[in-house]
Structure formats: structure tokens, C-alpha cells
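Report on the following structure.
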Amino acid sequence: MGLGGGFLAVLFPTFFVFPLVVSAASYSEYIYPNFTATNFKFIDNQGAFLFSRNGSFKVAIFNPQGKANYYLCVIHVASTTIVWSANDAAISSSGRMDLTPKGITLTDEQGNLKWSTPSSLRSPVSRLLLSEMGNLVLLDRFNVSLWESFRHPTDTIVIGQQLRREGAMFSAAVSGVDLATGDYSLALTDSDAILQWQGQEYWKLSMDAKAYRNSNYVIDLMEVNGTGLFLYGLNGSKIVIQVILSPSDFRIAKLDSSGKFVVSSFSGSTGTGTQEFVGPVDGCQVPFVCGRIGLCTGGTATNGPRCSCPQGFQGQVDQGGCVPSNGYSLPLASACNSANNGSQLNSSRISYLSLGYGTDYFSTDFYDPVKYGVKLSACQELCTEDCSCVGIFFENSSGSCYSLDNDLGSIISSTTGDGDMVGYIKALVADSSDINKFNNQGQGKEFPVTALVLLPVTGFFLVIVALGFVWWRRGRLYQNKDRKLRHARSISSGDLDAFYIPGLPQRFDYEELEVATDNFKTQIGSGGFGSVYIGTLPDKTTVAVKKIINLGVQGKKDFCTEIAVIGNIHHVNLVKLRGFCAQGRQRLLVYEYMNRGSLDKTLFGAGPVLEWQERFEIALGTARGLAYLHSGCEQKIIHCDVKPENILLHDHFQAKISDFGLSKLLSSEQSSLFTTMRGTRGYLAPEWLTNAAISEKTDVYSFGMVLLELVSGRKNCSIRSQQSHSLENNSNSGGGQSSSSSTSGLIYFPLLALEMHEQGRYLELADPRLEGRVTNEDVEKLVRVALCCAHEEPVLRPNMVTIVGMLEGSIPLSEPRVESLNFLRFYGRRFTEASTIGEENDHSNINLLYPQAYTCATTSTCESPACFSYISSQEVSGPR
Ligand SMILES: *[C@@H]1O[C@H](CO)[C@@H](O)[C@H](O)[C@H]1NC(C)=O
Ligand SMILES: *[C@@H]1O[C@H](CO)[C@@H](O)[C@H](O)[C@H]1NC(C)=O
Ligand SMILES: *[C@@H]1O[C@H](CO)[C@@H](O)[C@H](O)[C@H]1NC(C)=O
Ligand SMILES: *[C@@H]1O[C@H](CO)[C@@H](O)[C@H](O)[C@H]1NC(C)=O
Ligand SMILES: *[C@@H]1O[C@H](CO)[C@@H](O)[C@H](O)[C@H]1NC(C)=O
Ligand SMILES: *[C@@H]1O[C@H](CO)[C@@H](O)[C@H](O)[C@H]1NC(C)=O
Ligand SMILES: *[C@@H]1O[C@H](CO)[C@@H](O)[C@H](O)[C@H]1NC(C)=O
Ligand SMILES: *[C@@H]1O[C@H](CO)[C@@H](O)[C@H](O)[C@H]1NC(C)=O
């Protein structure tokens, strides 16, 4: 003990000298040219020579994990996280950084330039600043920024930094020690943030259960802040996707070298962060987690994924992966180019090594099969013809053929799947001279011990068998060649020809639609399924072209089957589908154009007020359209997203419903992470939140909500400042017009409608802009129908045919059942409580104030409808 104490006493002072030196000498946020740093020169500060004002960040020439590679790094001090580095410029401890009026340069010890800021800065550098956010900035003498590390992220973004879509590089490091650009990268697309491995997608933010899509604007930047992770459109003014995390002072998002996108928060001065968000959740979905052909199991288990080699393969996962055990070699992807394609491989030498059923590959969830409805042999042929194909995955039940291109990643062992997918690795059989090396390994089985003993005896016999096998295979390939010729046409003319679906509407080429829309120049709308553009077809008809972006993984065949159904529905109150385009990953729908736009614009907009008769016609037309969808066509269609945005107006205020049938396109999500939630909050029936069955009565509820909005001319959940009906006053005193006309706040109109119905004061519900051009009876009719539609129990809601009858007057109006509408009081109370906390004009704040509300609504696991009270008109349609 005495010895130990003395030892500590010696160590102690030396330990604590460092921080003292740091704080005394170097708490400077600026350095000035000419300045030179090496690790060695600042060895007492572990290479650090620049500190942000309060010491949260430092700039150092630093070697991660004490290894030989040194980098110029910006480091978050408390957690020693590298948040930026000149990552492709490894130097040694005597390599140097120079700050001159021309910028920063890094040179190795021999004086070779390894990295520099852009050589032509606008003006001479007068100083280098490390900002409090951790941004390394070159400033000129007018304090104008010449270059910033925040604009050139490596693999991390921090609070205050934006990852912009254009020109942003965001790639993982090769490893924790080697910071050079690795194979994993993060990219922002029009509609998502995606992870890629060698350019192949393997994850997207929107598929995570915590991610919530707010809108469909084209994305242009990503940010983390104290509240969570956000993707924005319209230059940062509109949230497109958000992930709300618990409040935190410091948070970073990093694509780590293992291929996972991790958001961590750090509180106070504690070094270790909390991982709050990780994607992909299943570690086996990371493409190279087990190296090449390494078999990954247990990706979601707490002890992490485990790696092994599939049967018939051998090797070490940490040394690059697995190779075929016996006599086979993998084709060299580098030897493949368009000139030698097909001819480069002597196809009689190609063999397919089975990985067995119950295996899968990361890309099958993200890319369409190259062909559907084929046999396994045809799938292998396709791969043989293309030298860039290195393996196939084949789904037996659907005959889907997936081709693996370029480099091979890890294999997923799908313990939960139905075992319908089988994988094969393309391999080359050794020359016939090597034949006895591989002769009995055709099935990819382990070499049995008994066989080793028997080998000398059976060797001769086996050689015979093997020769026979080779001869047989070649014969088969020759047969296949004939078949190939016969199939050549269908293969070359695109995979859509692989199946025929009767009743498909007109098919457009993507290029045709590009021309028609003038390269998607004029956007006229944006909905749950994507953006809508105006276009003109060659025959001069105007069309609305919908570019679907929220479609998950959707096979072309399923898509076309649905399109054929939608295309055959014709009704005067339904928007007509003119045609479609399914080319590559593009899915577009071409609709007839509605010159008056959508109901929300006319009803809530600033234009001329909609007269009562027009509102009634719209209500009736919408009801007829829905009635037709529910019972008029061969196949019942539930719309799932009835709202003013989806009711389009034509001349004379003829209403036409759009987007019907599309909800089915979203239902075949392959991942269990995708919830089936869709529809739009504010119009969503309670059963969406209670997990009760969704039926056509769900549309009836939404229709009722639309009716109420037609009556009031306002969103059901809106802030009213003028002419306010104070909900509190009405429900407390039981009567009397609201005393305070200046009261503002959120009004939950369906509750107001219920209360006014109970008092028979319908006229007070009508849009004040009508200035009395409507009677009490007119309003009563719509309000009573609407309240019947809103009954909590779906069976108590009338069906659409009855509603049409009630509106037309052929069926007497039903009496709303107050006992089935009491839930509105509960919603309303929670809703107004929410309004007293935040009075901003933007309802999305309600979700931010009450993250749990948003969680409930997006995961649809909510037990009670309580969370439904924070209703906003945000969309939750689209796959999650
Ligand atoms: C910095 O070095 C450059 C040459 O590398 C020289 O021209 C310049 O005068 C120096 N500036 C200062 C402030 O010493
Ligand atoms: C340093 O300043 C940043 C930004 O103002 C702040 O977020 C952080 O908490 C501060 N750190 C310390 C240790 O005071
Ligand atoms: C630049 O900023 C520094 C520190 O904030 C300040 O002292 C200096 O006056 C500024 N110079 C100009 C030209 O604004
Ligand atoms: C984070 O960003 C969101 C969306 O822009 C915003 O609503 C929220 O207030 C921000 N949080 C903080 C702590 O700044
Ligand atoms: C986007 O916003 C930034 C800052 O918020 C502004 O400097 C820039 O001009 C904007 N760009 C466009 C195209 O509006
Ligand atoms: C090789 O040919 C196939 C079909 O003939 C084609 O699909 C593929 O793109 C070609 N690959 C290269 C690298 O040229
Ligand atoms: C293909 O391989 C076979 C046997 O390995 C050989 O006989 C044949 O000549 C080869 N063909 C070409 C085009 O190299
Ligand atoms: C593959 O599908 C065929 C027909 O669809 C079936 O007969 C066969 O048993 C399936 N094989 C496996 C291994 O599932």
C-alpha cells in the first residue's frame, strides 16, 4: 500500500499539469499568420493549439487512439470526439500545419503538401477562428469568412452546423484510427437522408420508427439541434422529416466507421455520450458488417451481430471476409468493363455457390429485382451474361431475381423470414487441370472427415464423377443458350414486358413526362405521395403529373396492378387517371388537370368567399365520389386520406376526389419498421389510434370533418382571434355569446359544433364571411350529418350512400348520438390546454411541445384517444 501511495503521489502532479497549462497559455480562439503547428511543438497540449472561447472545442494535430496517423482535427473536448478532420491527409507527429495569408496547408515531414484550403481565397487571411460551435473559420481583415470547416463536413455534424445538399461530402472514416474516406456515406436526396455503401443504398431515415414526415418539400439541408434531428426544405424554412429526441445541450450526428449513423448527446462535462438514435437498427443491414460474404446473424440482439462464414466458404471476417473453400475463385470485379462484357468469362467456368434458403442481402429491400416471375435458372443466366453481376438473390414465391453488382457485401441470415429467399455467389471453377481439388465440393458442404480417410480409395471414382459433372453442366449451358435466344427480346425490352396486366392505362416514358412538364418546372401541389407538376401532353391537354416519392419498396408489378384498378374507376366525382410511368425507380401518375385547384385553397384562402350553394355542391359531389369508391365499383376502395387538399375543384365547383386507391400502394412495406399509419391528422378517425380495424367508416369520419370545415370556412383546429367563440365560456356558463371578443387561442371546432347543436344555435357556426347568406336549416343539415359521421363507434356512422341520400333530401336526417360524441369534449379540452402554452400560428409546435402526442400518432400504438387531442393538419401519410 505504501508503495502504491507513493506512486500515486508522483503521478498526481504530472497528471494535472496539463489542464493548467492549457487554460493558462492557450485559451485563444484566434491564431494569426504566419503560424506553424506540429504535434510535437504542442505536445503538452496533446497537439492542441487553438481553443474555442469557453474551451468546449479545440484544434489539434492529433493521432486517434494514440496510433501513428496524425490529422488536423477539431475535437469536442469533453467527449474527445473528432467533429471535423482533414481526413484524407494523414501526417506524422512531425508533419506540420501552416497558417499563412494564403490559407492553411498541411505538409508531411518531407515537406510534401498533403492538404490545403482552396488555393484561391477571395482575399488574404488575417486570422483563424475556432468558434464556440466548433466551426474552424478563416477570416479576412473585414471579418468576412473565407472558408469554414462547417461547410466541409467529414463524417459528423454538430449543433449549429448544416449539412447542405449541394457539394456536401459526408463519408465515414475507414476506421477509428484511419480517418481517410471509407466506403460508407450519407447523402441527402429529394425526399430523404440515405446511407450508401459504395453508392448502394442500405438505409433511409424515413423508414425509422422515430422519424416523422412533416411535408414533401424537396430537401435541401440536414441539421441537429437541442430538440432533435431535422431535414428541411425550402432553404431551411420547412421541416420535411423530424426525429424528436430528448432535450440536450450538445448533440452530434456521426456516420461512424462501422456504417451506422449515430446521433449522440452529451450533457455537462461528462465524457461519454448517450446514443439516442442509431440507423440501421438491425446491425446485419450494414452492408459490410461481416466482411465480404460473411454471414451475419442476430443483428438486433444486444450482444450485437455475430459473423461467420457460410457453409462452403472459409476465412476471417476481420481480414476481409470469406472466400469459397474449394477450387472456386471469385470473379474479379475490376476485370469487368463494357468492352469485355460477356466474353471475358469463359461461361463454362461460371458456377453458382448456394448460400441456402433463409439468407438475404441488404440491397433487396432497396432495389427492384432485375426481373420478376422467372425461374432460378433464368436468374442465373442473367447474371452470367453480365460481368458486373457477382451474385444473385432469388425469391422463390414471386420468382423475383435480384442481381448483386460490383463488390460483394455481407450476407444476412434471416432467422425470422419465411426462408423464401435463396442466395448464390457467382464463382469461377478452376481450370480442368485443377479438377481434383474441387471435385466433391459442388454442394458447398463441409469436407467430412470420413471422406478424407476414404479419399485415396475413392479418388479415382470421384475424378470420374467430377468429369461427368463438368460435362453435364456444359451440356446444360448449351441448352440454356437456345433458351436465351428465345428470351432475348423480352430481356432487352425492359422488365415491364415480363408481365401483362389487362386494363393498364396509357404508359408514358419518363422522358415524355419530362418534356410535358418542362422538366418539372411548375409545382402545383404537394401531398402525402409526392409533388404534383403541371404539364401539357402533345395533344395539348393539360395534365397534373404526380411524382411519387414516398413509395417504399414497391415492385413494378404490384404498382401496375394497382394502377390498372385505379385506371378503371370512372366517376364524375373522381379525378381521372390518364396514365402512368414506371421506369427504373421512377413512379409517376398522370391525372386530368383541375383548373380550380384544391378545396383547401378556395375554402381557407384569401380569394372570393365560397357561397353556401357552392359549398353544398362540393359536399354532395364528394359524398357521391366516396359512395362510388365504397360500393360502386367491383373492388371496395377505402380512400384513407379524405381532406380538403384531396378534393379538387373543376368549373362550376364540381368536386372531384383525388389520390384514391393510392393508399394500397403503400401497404406492402416489407419492413416491420414501417407502420401502417397513414391519413392526415385532423381528419383521422379515432380508430387509427386505437388499432381498431380500418374500414370505409374511417373515410366517413374524415368526410364529417371536411363537412364541418365547409360550414365554418376554417380548419377544424385553428387559432381564432376575431369573432371568437370562447369554448370555456360556452361550456361553463351554458350559454351566451362569448364575452371577450379578443380572446385568441386554439378552437376545436367539432366540439363547438356539438355544443351549438345541443343548443340548436347552428347559424353561429357558419362562416362569418357569408354574412348571413345562409339559413339556420341549411347549416343544421350539414352539421347534423357531420356529427353523425363523427360518432366514435364506426358502426354508428352512416354509410356514404345514406349520407348522399340525407344531403339530397331523399332520406330523413338522423339525430346525432351525443353519447357517442362525448370523446370530442375530451379532445377539445386537451386541445385548448395545448393552445395556452404556445400561441404561435403554427400547429406543428403542438407536436414539439408534446412529443408524446406525436409519438402516439405516428406509431399508432396509443391505447386511448387522448393523444389525438393535439390534432394538427400535418400529414402523416406515407410510409414510415
Ligand atoms: C508570412 O510569410 C509570407 C511568406 O511566406 C511573407 O510574405 C509574409 O510577410 C509573412 N507575414 C508575416 C505577418 O510575417
Ligand atoms: C461553451 O459555449 C457553447 C456555446 O455558447 C455552450 O453551448 C457550451 O455549453 C459552453 N461550454 C461550457 C463548458 O461552458
Ligand atoms: C473583427 O472582429 C474582432 C473580434 O470580434 C474585432 O475586434 C474587430 O474589430 C473586427 N474587425 C472588423 C473590421 O470588424
Ligand atoms: C430545433 O429545430 C426545430 C425545427 O426547426 C425547432 O422547432 C426547435 O425549436 C429547435 N430547437 C432548439 C433547441 O433550438
Ligand atoms: C438560404 O438561406 C440563407 C440563410 O438563411 C441565405 O443566406 C440564402 O441566401 C438563402 N438562399 C436562397 C436561395 O434563398
Ligand atoms: C454487360 O451486359 C449486360 C447485358 O448484356 C448489361 O446489362 C450490363 O450493363 C453490361 N455490363 C457492363 C459493365 O457493361
Ligand atoms: C473455355 O474453357 C474450356 C475448358 O476449360 C476450354 O476448352 C475452352 O477453349 C475455353 N473457351 C474459351 C473461349 O476460352
Ligand atoms: C419454390 O417454389 C416452387 C413453386 O412455386 C415450389 O414447388 C418449391 O417447393 C419452392 N421451393 C422452396 C425451397 O421453397
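All ligand and atom numbering here is 1-based and tracks the order in the structure.
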Ring centers of Phe57, Phe250 separated by less than 6.0 Å = yes

Using the benzene-type ring in the case of Trp, are the ring centres of Trp147 and His152 under 6.0 Å apart?
-> yes

Shortest protein contact, [atom] (heavy atom only):
atom                    : result
atom 6 (C) of ligand 1  : Asn34 ND2, 4.2 Å
atom 13 (C) of ligand 1 : Pro33 O, 4.1 Å
atom 5 (O) of ligand 3  : Tyr30 OH, 3.8 Å

Return the orientation label for the [X] and [Y] ring planes: parallel under 30°, perpendicular over 60°, tilted otherwise.
X      : Y      : value
Phe261 : Trp203 : tilted
Phe35  : Phe49  : tilted
His76  : Phe266 : tilted

For residues Ser206 and Asp192, is any side-chain donor paired with an opposing acceptor at under 3.5 Å?
-> yes

For ligand 3, is Arg127 a contact, meaning one of its heavy atoms is under 4.0 Å away?
-> yes

How about atom 2 (O) of ligand 1: does it have a protein heavy atom within less than 4.0 Å?
-> yes

Is atom 11 (N) of ligand 3 in close reach of the protein, with a heavy atom under 4.0 Å away?
-> yes

Sub-3.5 Å N/O-N/O distance, Asn143 and ligand 3 | yes

Mind checking the OH-CG spacing from Tyr32 to Leu128? Nearest 0.5 Å is all I need.
-> 10.5 Å

Ligand 4 atoms nearer than 4.0 angstrom to some heavy atom of Asn225 are 1 (C), 2 (O), 3 (C), 8 (C), 10 (C), 11 (N), 12 (C), 14 (O)

Subset of ligand 4 atoms that lie under 4.0 Å from at least one heavy atom of Ile239 = 4 (C)

For ligand 3, which atoms have a heavy atom of Arg141 less than 4.0 angstrom away?
-> 13 (C)

